[in-house]
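What follows is a set of notes on a single structure, which appears directly below.
A, B, ... follow the sequence lines: proteins, then strands. Residue 1 opens every chain. Keep in mind that the numbers below use all heavy atoms, side chains included, and drop hydrogens, waters and symmetry copies. Predicted model, so just to flag it, every value in this text is computed and none were measured.
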Number of protein chains: 4
Amino acid sequence: MAVPTKSSSAVAGKGGGDKREQIMDAALALFVERGFYGTTVPEIADRAVVGAGTIYRYFESKDALVNAIYRAEKMRFGRLVLDAFPVASPTREQFRLLWMRMARFATETPDSFVFLELHHHARYLDAESRTVEARMLDLFIHFIANAQSRGELKAGSPRLLIGMVMGAFVGVIRNCVELEQPPGDADWKLAEQCMWEAVRS
Amino acid sequence: MAVPTKSSSAVAGKGGGDKREQIMDAALALFVERGFYGTTVPEIADRAVVGAGTIYRYFESKDALVNAIYRAEKMRFGRLVLDAFPVASPTREQFRLLWMRMARFATETPDSFVFLELHHHARYLDAESRTVEARMLDLFIHFIANAQSRGELKAGSPRLLIGMVMGAFVGVIRNCVELEQPPGDADWKLAEQCMWEAVRS
Amino acid sequence: MAVPTKSSSAVAGKGGGDKREQIMDAALALFVERGFYGTTVPEIADRAVVGAGTIYRYFESKDALVNAIYRAEKMRFGRLVLDAFPVASPTREQFRLLWMRMARFATETPDSFVFLELHHHARYLDAESRTVEARMLDLFIHFIANAQSRGELKAGSPRLLIGMVMGAFVGVIRNCVELEQPPGDADWKLAEQCMWEAVRS
Amino acid sequence: MAVPTKSSSAVAGKGGGDKREQIMDAALALFVERGFYGTTVPEIADRAVVGAGTIYRYFESKDALVNAIYRAEKMRFGRLVLDAFPVASPTREQFRLLWMRMARFATETPDSFVFLELHHHARYLDAESRTVEARMLDLFIHFIANAQSRGELKAGSPRLLIGMVMGAFVGVIRNCVELEQPPGDADWKLAEQCMWEAVRS
DNA sequence: CATGAATGAGTATTCATTCAT
DNA sequence: CATGAATGAATACTCATTCAT
């Protein structure tokens, strides 16, 4: 019942061998490539180079696996974007930083970003996964509300502004995914400037 | 193999007995509600009040059905947004009109909009469905490029700008879907103003 | 959801074709031959000459199937043994009749009898199946108690006497099953006489 | 392949550390509680406080384990019932003794008795286990035949009489198991008297 | 044309057994 | 000797699709 934890293996060294991570990596890639329902458990096992049964030593079910990946990636995203956030900087700087950090996440691990995007509303996400999502949203809402109260952003529902900016960000990624070329630095900067003008007061 | 065409039902008048449309309506609603893989063909048949086998008289497969719906809705979207487009109006007016027409589509038939959004990248979309999508994109690209050449929009890849604006639009919808309240007219107007400022030169 | 009923086909004639009954017959035989867990659903389907999926049109699960068989056979047993029971006859006659009817059931459909015996305490029997069993037991208990009150049977817990007599009956069957020869009429009569002497006052 | 024998532990004294017995005890309890197929090997290992792999150092397979338990318990049953059997006593006394010794076995180690009963006809019992069973049966047959030749028991197939008496015995137990109360001494005596009257000439 | 009962290929999941440590 | 993580063969069950009526 007690499933092996990730931490123990992080110490292991020896160059990998962490089955739990192997499985999550393989599953993430396949879910992005072929979708959740389009991916079979044996396929995940093959790609992770483990037996099919092994997956069930680490995850209760295929659903539990996708939820674990979702949470892990969402939290990694959160950490990358929010760690050591310059609370005192001007809003303009903060906006740029958020945007560029997100861009880095999306550029360095595009699979992860696409995965989070695709599974945002998936039926198989459980309550805890949705909570992770909700917590991050709250942080953004506070950020917006504060800036609005200083008169630096347009008035209006913070959620609306967030939806707009995040939507635009995703739109930029999608555009590049469809063109099958990674978005250049210039693209990210242009988009960032556009969206700042969209929300600034 | 000779599948009944949609036109046959258009002739039927009185709106009764159009099985093809009944099936598509039922499927659209269920796909939005439970996803493509979460919906079984017999369920669609039940909701459409036809026999399960009947669906295969109108559509070659479940995949063909979802593609037919995608194309039909995408084209309806295109017509609603582009019909009688005021080619001569100022760009600002054109932008507002596009946005508001899209808003009307999304507000009047939210299921259709969500469906198009959710299935944008679905694996089961075939080449023809992607072509419908591509044609519409071309129209937008020309619109943007023209406006750019007149110096009214920011320079940059038209696809990038489209991705950004469409993404933001979707973000607004999603936000409201999550809050389970239809976006108000004020929301749409605010968002429209924001995004205009995002793209105008 | 609404599963086809047995009655409709009983009328059908045409010499069989009743899938539900085919499945139950095949399953009964296999459960006796190889046990519940030793029988796979495809095996049942093969023997019943239906597709594996067809079984699930008639029974929710393998468990539901074994329960349905249990109930059907238990009730058939009850009917055969108790129908038109001569309430007014002397206890000795009643005892003989019960015993011989049970013997007929066990001789004519030995699989059914063995099945009921083997699955008496099976973990997969649900509440309803146990109720069928309990109701029949109640009838026997009343029969015993009445005879005891007339001083014709030994005093003592009716359940104990029933357990003893039924146990002895099963013992006779088992003995013959092990010898792989059907119990002769003389055997049944001898055993009946023995057990009467066991319980009479 | 050279599996540790039971004797080695008999030497150990103090009763501690005897893994083979720990495993058999745990398995017996679980098999009775949840059935053979309802019990997993790791569960047995947990209950026996040994590693799952250890079980395979003492038993070739799960089947071999259940067979070993069956033989051991059957032989313990035989010893308890037949040791120092008073060959010269009157048949009535012998019958009473057999019955009461069986009752003691069933009362003192009900799990063992239920186990023997439940697995009497199990598919996974191998030839040797059946031989143990057969040998004991032979002893009983001789006992019966002798008594019959002295005219003390009813004529008829000894096996039939044995089946009847043993069946009745099991019926008494089952009755008490169902009522979830251990059979009282009075119950055992009543039943013994009944069954003696059943078989005596 | 319409139907829906029947199908069986395909999937997630379990668990006896092995073997590197 | 003992272990328990890893394995993969085996099994119950689902559902898109067909076809006899």
Pairs flagged by salt bridge (Lys or Arg N to Asp or Glu O under 4.0 Å) wherever residues 112-121 of chain A is involved - sequence neighbours left out: Glu117(A)-Arg174(B)
Rounding to an integer number of Å, can you tell me how far [X] [atom1] sits from [N] [atom2]?
{"X": "Lys62(B)", "N": "dG10(E)", "atom1": "NZ", "atom2": "P", "answer": "16 Å"}
{"X": "Gln22(B)", "N": "dT3(E)", "atom1": "CD", "atom2": "P", "answer": "9 Å"}
{"X": "Arg20(C)", "N": "dA5(E)", "atom1": "CZ", "atom2": "P", "answer": "14 Å"}
{"X": "Phe59(D)", "N": "dT18(E)", "atom1": "CZ", "atom2": "P", "answer": "15 Å"}
{"X": "Leu30(D)", "N": "dC15(E)", "atom1": "CG", "atom2": "P", "answer": "13 Å"}
{"X": "Asp63(B)", "N": "dC15(F)", "atom1": "CG", "atom2": "C1'", "answer": "14 Å"}
{"X": "Ile23(B)", "N": "dC1(E)", "atom1": "CD1", "atom2": "C1'", "answer": "12 Å"}
{"X": "Asp18(B)", "N": "dC1(E)", "atom1": "CG", "atom2": "C1'", "answer": "15 Å"}

Short side-chain to backbone donor-acceptor contact, [X] and [Y], under 3.5 Å:
{"X": "Arg130(B)", "Y": "Leu125(B)", "answer": "yes"}
{"X": "Thr131(B)", "Y": "Ala127(B)", "answer": "yes"}
{"X": "Glu73(C)", "Y": "Ser112(C)", "answer": "no"}

Minimum-distance nucleotide (side-chain atoms of Arg57(A) versus dA5(F), dA2(E), dG4(E)): dA5(F)
Side chain to side chain contact (heavy atoms under 4.5 Å, CB included) partners for Ala52(D), two or more places apart: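 Applying side chain to side chain contact (heavy atoms under 4.5 Å, CB included) to Ala52(D) gives Ala45(D).
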Distance-only polar pair, side chains of Thr109(D) and Arg76(D), donor-acceptor under 3.5 Å: yes
Residue-phosphate contact under 4.0 Å: Tyr56(A) side-chain N/O, dT14(E) OP1/OP2: no
OP1 or OP2 of dA2(E) under 4.0 Å from side-chain N/O of Tyr58(B):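 Yes.
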Neighbours of DNA chain E within residues 36-55 of chain C, by heavy-atom distance under 4.0 Å: Val50(C), Gly51(C), Ala52(C), Gly53(C), Thr54(C)
Listed partners of Asp111(C) passing side chain to side chain donor-acceptor pair (under 3.5 Å), at least two apart: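 By the side chain to side chain donor-acceptor pair (under 3.5 Å) rule, Asp111(C) matches no residue at all.
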Divergence of helical axes at both termini of the helix from dA2(E)-dT21(F) to dT21(E)-dA2(F) - five pairs an end, 10° steps: 10°
Side-chain polar contacts of residues 27-41 of chain A - donor-acceptor pairs under 3.5 angstrom, sequence neighbours left out - could you list them?
unit_1   : atom_1 : unit_2   : atom_2 : d
Arg34(A) : NH2    : Glu43(A) : OE2    : 3.1
Thr39(A) : OG1    : Leu30(A) : O      : 3.3
Thr39(A) : OG1    : Gly35(A) : O      : 2.7
Thr40(A) : OG1    : Glu43(A) : N      : 3.2

Gap separating the NZ atom of Lys74(B) from the CD1 atom of Ile69(B), nearest 0.5 angstrom: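 Separation between the atoms: 14.5 Å.
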